[in-house]
Amino acid sequence: MSQNPASQNPADWTPAGTDRLLLRRLAPEDRDAALRIHMDPRTNRHNPKQPSRERSEQLIRDFLAHWDREGFGYWSVAERTAPDTVIGFTGLQRAVVDGQGILNLYYRYDPSAWGKGYAAEGAREAVRRGRELLPALPVMARTTDANVGSQRTALAAGLQRIRSLDRPYAGELEVYFALGWEAGSRSVGRVAG
């Protein structure tokens, strides 16, 4: 566990699961699956900033470092029927929106796993754990206005659209969904995390 006194006990966060999915701590051996999924043009259809290999590698390092620092983070996802094959990533990480600490809800899956409800299923478990283990922090997801699938996943996970937080991002409208966000707490600012 990290030296951070606010960090979580990883045993409270991993392993986790749903009826159909295994959710476990992201590990260095997941690098190839993470690069494959994060660099697939289909998973970036609505991403205004297309990822480079270098940026994808840095994301994975950041995801791993968050686990080391905070004791929780994004999970590697596998089907229970194929536990050794990573089909995606979901979970929560600390971030800041408009000066307020939040839990950023993340989900990205291999296109072969699309259309099965896995993103919503994994996201619901992440939200459930976040509300149980870190109830003071709002859970938030952000996506582009055009990414209807991602918006549906956020709604299915129990988040609500917070239009007052929407803002331009890389030439697109970035839209926000949250659970536990205090209305009226917005000050103009950037997203960090």
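A quick note: this is a predicted structure, and the numbers were derived from the prediction, not measured.
In this structure, Leu23 CG and Thr90 OG1 are separated by 7.5 Å, a value rounded to the nearest 0.5 Å. Taking CZ from Phe89 and OH from Tyr109, the interatomic distance works out to 10.0 Å, rounded to the nearest 0.5 Å. Separation of atoms CZ (Arg128) and CG (Leu179) is listed at 13.5 Å; rounding is to 0.5 Å. Rounding to the nearest 0.5 Å places CD of Glu79 at 9.5 Å from CG of Leu22. Met140 CE to Trp181 CH2: the interatomic distance, rounded to the nearest 0.5 Å, is 4.5 Å.
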_side chain to side chain contact (heavy atoms under 4.5 Å, CB included), that's the test. Do Leu165 and Arg142 meet it? Break it down for me._
CA-CA 10 Å; Leu165 291 173; Arg142 59 186 188 260; over 6 Å; no
*Arg31 and Glu57: side chain to side chain contact (heavy atoms under 4.5 Å, CB included), yes or no, with the steps?*
CA-CA 8 Å; Arg31 179 184 164 278; Glu57 293 265 11; 2.5 Å; yes
*Steps toward side chain to side chain contact (heavy atoms under 4.5 Å, CB included) verdict (Tyr74, Arg108)*: CA-CA 10 Å; Tyr74 300 148; Arg108 184 164 299 199; over 6 Å; no
*Could you go through the side chain to side chain donor-acceptor pair (under 3.5 Å) check for Asp110 and Tyr118 one step at a time?*
CA-CA 11 Å; Asp110 187 278; Tyr118 289 161; over 6 Å; no
*Kindly indicate, with the supporting measurements, whether the criterion salt bridge (Lys or Arg N to Asp or Glu O under 4.0 Å) is fulfilled by Glu174 and Arg167.*
CA-CA 5 Å; Glu174 187 171 61; Arg167 61 193 73 185; 5.1 Å; no
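Each of Leu103, Leu92, Ile102, Val139 was compared with Leu134 under the side-chain contact (heavy atoms from CB on, under 4.5 Å) criterion, and only Leu103 meets it.
In this structure, Arg20 places its CZ atom where more than 12 heavy-atom neighbours from other residues, nucleotides or ligands lie under 6.0 Å away.
No donor-acceptor pair under 3.5 Å is formed between the side chain of Arg25 and the backbone N or O of Ser76. A donor-acceptor pair is defined here as one N or O able to donate and one able to accept, closer than 3.5 Å; no such pair exists between the side chain of Thr144 and the backbone of Glu172. Of the possible donor and acceptor atoms, one in the side chain of Arg80 sits under 3.5 Å from a partner among the backbone N and O of Thr18. Side-chain atoms of Thr14 never come within 3.5 Å of backbone atoms of Pro10 as a donor-acceptor pair (strictly under, hydrogens ignored). Between the His66 side chain and the Phe72 main chain, a donor and an acceptor come within less than 3.5 Å of each other. Using a distance-only test at 3.5 Å, with no hydrogens or angles considered, a donor-acceptor pair links the side chain of Asp30 to the main chain of Ala27. Although no hydrogens or angles enter the test, the distance criterion places no donor-acceptor pair under 3.5 Å between the side chain of Trp13 and the main chain of Trp67. Here the side chain of Tyr107 pairs a donor or acceptor atom with the backbone of Ser150 at under 3.5 angstrom. Between the side chain of Asn104 and the backbone N or O of Ala141 there is no donor-acceptor pair closer than 3.5 Å. For the pair Gln160 (side chain) and Leu155 (backbone), a donor-acceptor distance under 3.5 Å is absent.
Side-chain contact between Val86 and Arg24: present, with at least one pair of heavy atoms (C-beta onward) separated by less than 4.5 Å. A heavy-atom distance below 4.5 Å is found between the side chains of His38 and Ser56. At a threshold of 4.5 Å between non-hydrogen side-chain atoms, the residues Asp32 and Arg36 do not count as touching. Between Leu137 and Arg94 the shortest side-chain heavy-atom distance falls below 4.5 Å.
Residues Tyr106 and Met39 share a single hydrophobic cluster, defined by chaining ILVMFWY side chains whose heavy atoms lie under 4.5 Å apart. Leu133 and Leu105 fall within the same hydrophobic cluster, defined by Ile, Leu, Val, Met, Phe, Trp and Tyr side-chain heavy atoms under 4.5 Å apart, directly or through other members.
Scanning both residues, Gln100 and Pro138, for their nearest heavy atoms gives NE2-CG, 3.2 Å.
With no hydrogens or angles considered, a side-chain donor-acceptor pair links Asp62 and Gln58 at under 3.5 Å.
The pair Glu132-Arg129 does not meet the salt-bridge criterion, since no charged nitrogen lies less than 4.0 angstrom from a carboxylate oxygen.
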